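A short write-up of the structure that comes next.
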Amino acid sequence: MSYKIHLDVFEGPVDLLLYFIKRDEINIYDIPITKITRDYLEYLDLMTTLNLQIAGEFVAMAAMLMRIKAQMLIPRIKEAVENEEMEDPRSELVQRLLEYRYFKEIGGELQKLEARHAGEFPRRPDWSYIDHDIQPEDALSHVSLFDILNAFRQVMDRLPADSVPHEVNVESTNITEQIDFIYSHLNREPRVNFSTLVRSIRSKVVLIVTVIAILELMRTQRVRVTQNGIFDDFTIENLEPGA
Amino acid sequence: METPTQTGVSLLDMQIVEALLIASDIPLTPDRLKECLDEGHRIDLAGAVEALNARYERGKHAFYIMPVGKGFQIVTVNTFETIVRNFINRNVRARLTYAALETLAVIAYKQPISKPEIERIRGVNCSAVLATLLERELITVSGRAEAAGRPLLYVTTDEFLRYFGLASPADLPRTRELNELFRTGEHAPQDQRSENETPLSD
Amino acid sequence: METPTQTGVSLLDMQIVEALLIASDIPLTPDRLKECLDEGHRIDLAGAVEALNARYERGKHAFYIMPVGKGFQIVTVNTFETIVRNFINRNVRARLTYAALETLAVIAYKQPISKPEIERIRGVNCSAVLATLLERELITVSGRAEAAGRPLLYVTTDEFLRYFGLASPADLPRTRELNELFRTGEHAPQDQRSENETPLSD
C-alpha cells in the first residue's frame, strides 16, 4: 500500500531505486540485484495496472537491471568479481545512484536556503533623482546568450502575418509565383533543401504559401519530397528535370 | 531605530515602510501602501517617513526619504552625488537597452544585414541604436549591399563574441533549440507536476 | 551610525559604500567600488559592509547587505516577504519545484553542463525545468559543448547566488567532495551518510 502513496513522487527511475534502497536499508555498494529488480518490476506493473503511463526512462532502467542480474548469475563472472579480477557489473548502477543521491541531497539543501532567502528582495533604485534620462526599465543589467536568442525569437514572432501596408505589394504572393520561385532553385540544381529554399523568406504569409506550393507540386507529382528523420530538414527533388 | 519612535508610529510600521521603499523603484504613495496591508491595518505614511528620516539623519546615513509627487522614495544624500553619478555612468548607463539587444539579435542572426532590412524586421527606426552598437564595437560595417541605394551592411564583431562568451558566430543558439526548450515550459512554469513528467524523447 | 566604527573603517568610507549600495541594483564589487574612487583612495569593502550590517541589525532595520558573488547587495529582510511581494507584484512567483531545485544542484556543481548530461544524471527529460530556470534568470546559456551535436551549455547566474543567499559558488552546500564521490574504479567506502552533513557555511 505504501507504493500508492509514492506513486507519483519519484523524479525518475534512479529516484525510485533510491527509495527501495532507503526503505530496505540496503548497502548501496552491495545491492541485492535480484530483489531490487523484482521490486522495481512490481512497481512498473502497479503503474500499468493503474493505467499510469510509464515513461521511457523507466523501461530503460528495467532493461539495465535485468542485464546486470543476468551477468551476476553467471558463476564465472561472480567468481572473477569476488577475486577482484573483474569489475562488478553493478558498479555503473552504483555510480549513477550515488551521483543522483548526491544531487538530490543538495537539492534539499537548496530548498532550505530558498526558504531562508526567497523572501528577501533586492534594492531597486530609481535613478531619476540623479538623472532624468536614465530609464531603468529599459536597461538590461546582464545580457546573456539566452537573452539575445530570446530577443530574436520575439522579433520574429512579431513579424507581421501581413507586412505593413506599403510593403504588401512586394510581399504578397500567390501559389503560382511561389511555384516559379521553387523552380528557380530546381532549375539550377535537381535537389534543394527546404531550409535553403526558404532562407530568404522573411514573411509568414510567403512561407506558408511556399509550403502550399510544395504540396501542390507533390500532389501533381512534379517533385518528390524526402526526409531522413522526423525532425530533419527535407529535400525537394525535381521529377521533371528540364521541364 | 534604537529608540522607540516619538511620532506615534510603531517600529513594525516603520520597518514595513522602509522595506517597501528599499525594494521598489516606484514611489510609495499612501494608496499603494494601503493596497499591500492587511484589512484594517493602517499606517501613517507621512509619520513613518518623518520618523525614519529623523533616524537616518541622526545616524548620519548616506540616504534619506524624499517626497516625490504624492509619494516617497529613498535617494542618496547629495554629498555623494558625484560618486553615485560616476557609479551609475559606469554601471547603469553603459547597459544595453532592450531595443539595442533586439537589434543586435537581428544582426547576429541575419548578418550581413542592411539598416533598411533591420528596420523592416523590427518595424522601427534603428539609427540611434545602430550608432550605440557601433560605438560599443559590438557591430561593424562589412561592406555595401547590392540592393538599391547600396546600403551599408552590418555584422557582429569579435567584441560581440567576447561579450557573449562565444567562440564563433556559429555558436549562437538556434531558434529551434529555444523552441524545443520552451515547447513544454511555456505552458507549465507554475505547475508542480507537469514540469518533470515529460518522458525522454531519446 | 551613531557610534564610531569599530572595524577601522571610517564613517566617510561607510557612507560611500552605503550610498553606492542604495543607488545600485547590481552587486557592488571591490572592482566597481575602486573605479568610482579618487586615485589613491582605498576602501575595505568587506570591512565597511560588516560595520554597516552591525548597525542595521542593532537598529532593527528592514534590510541588510547580502554577499552576492564577489560583491554585496542590499536586500530586505524576509520578515516582510508577503508585503513586499504584494507591492512589487511578484506574488505569482512561486517557490521552485523539487525538480527545479535538483536540476539547479546539478548545474551548480557541474557547470558548464549540457542538457543531455543533466538528463543523464537526473534520468528524466529536463526541457521544461530548464525553461523555467532560464525564465527566472537562475541559469543562463554560456556557449556550446565540444561534444557531438554541440549542445548548449548552462551555468548558474548571480541571481542564483542572490536567490539562495550564497556568497559564491564555493559556498554551495557540500555534502561530500565531488571528486571523491565520482572517482571510479576504486573501492568505495561503506555508505557514509553521516559524513554528508557538513554544515552550511552560513
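Below, chain A is the first sequence line, B the second, and so on; all start at residue 1. Small disclaimer: the values here were computed from a predicted structure and weren't measured. Any value given below was found using the heavy atoms of this structure, including those in side chains, with hydrogens, waters and symmetry copies removed.
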_Test: E99(A) and K110(C) ion pair at under 4.0 Å_ = yes

_Atom group of L21(C) that falls short of 4.5 Å from chain A, counting heavy atoms_ = backbone

_Donor-acceptor contact below 3.5 Å, side chain N78(C) vs main chain R116(A)_ = yes

*asked:* Rounded to the nearest 0.5 Å, what separates atom CG in L113(A) from atom CG in L101(C)?
replied: 10.0 Å

*Can you tell me how far OH of Y163(C) sits from CG of L110(A), rounded to the nearest 0.5 angstrom?*
10.5 Å

_With a 3.5 Å distance limit and no angle check, can you tell me whether E114(A) reaches the backbone of L96(C) through a side-chain donor-acceptor pair?_
yes

_Under 4.5 Å from any heavy atom of chain A, what part of S142(C) do you find: side chain, backbone, both or neither?_
backbone

*Which heavy atom of Q73(C) sits nearest a heavy atom of P122(A), and at what distance?*
NE2-CB, 3.6 Å

*What part of V106(C) gets closer than 4.5 Å to chain A, counting heavy atoms only: side chain, backbone, both or neither?*
both

*Note, S24(C) side chain near R123(A) side chain (heavy atom, < 4.5 Å)*: no

_In the structure I gave you, are the side-chain heavy atoms of E120(A) and V84(C) within less than 4.5 Å of one another anywhere?_
no

*Taking all atoms of both residues into account, what is the closest heavy-atom pair of P13(A) and G123(C), and its distance?*
CD-O, 3.7 Å

*Does E237(A) CD have over 12 foreign heavy atoms under 6.0 Å away?*
yes

*Of the non-hydrogen atoms in G107(A) and A105(C), which two are nearest, and what is the gap between them?*
N-CB, 3.9 Å

*Quick one: do the Y98(C) and Q111(A) side chains pair a donor with an acceptor below 3.5 Å?*
no

*If we only count heavy atoms from C-beta on, is the V124(C) to E57(A) side-chain gap below 4.5 Å?*
yes

*May I ask you to check whether over 12 heavy atoms, not counting those of R191(A), lie within 6.0 Å of atom CZ?*
no

*Decide yes or no on side chain to side chain contact (heavy atoms under 4.5 Å, CB included) for R122(C) and F103(A), but give the supporting numbers first.*
CA-CA 9 Å; R122(C) 293 198 58 230; F103(A) 289 115; over 6 Å; no

*asked:* Within the structure provided, determine whether H117(A) and M66(C) are in side-chain contact (heavy-atom separation under 4.5 Å).
replied: yes

*Beyond-backbone contact of V75(C) with F121(A), side-chain heavy atoms, under 4.5 angstrom*: no

*asked:* Between F63(C) and chain A, with a heavy-atom cut-off of 4.5 Å, which part of the residue counts as in contact: side chain, backbone, both or neither?
replied: neither

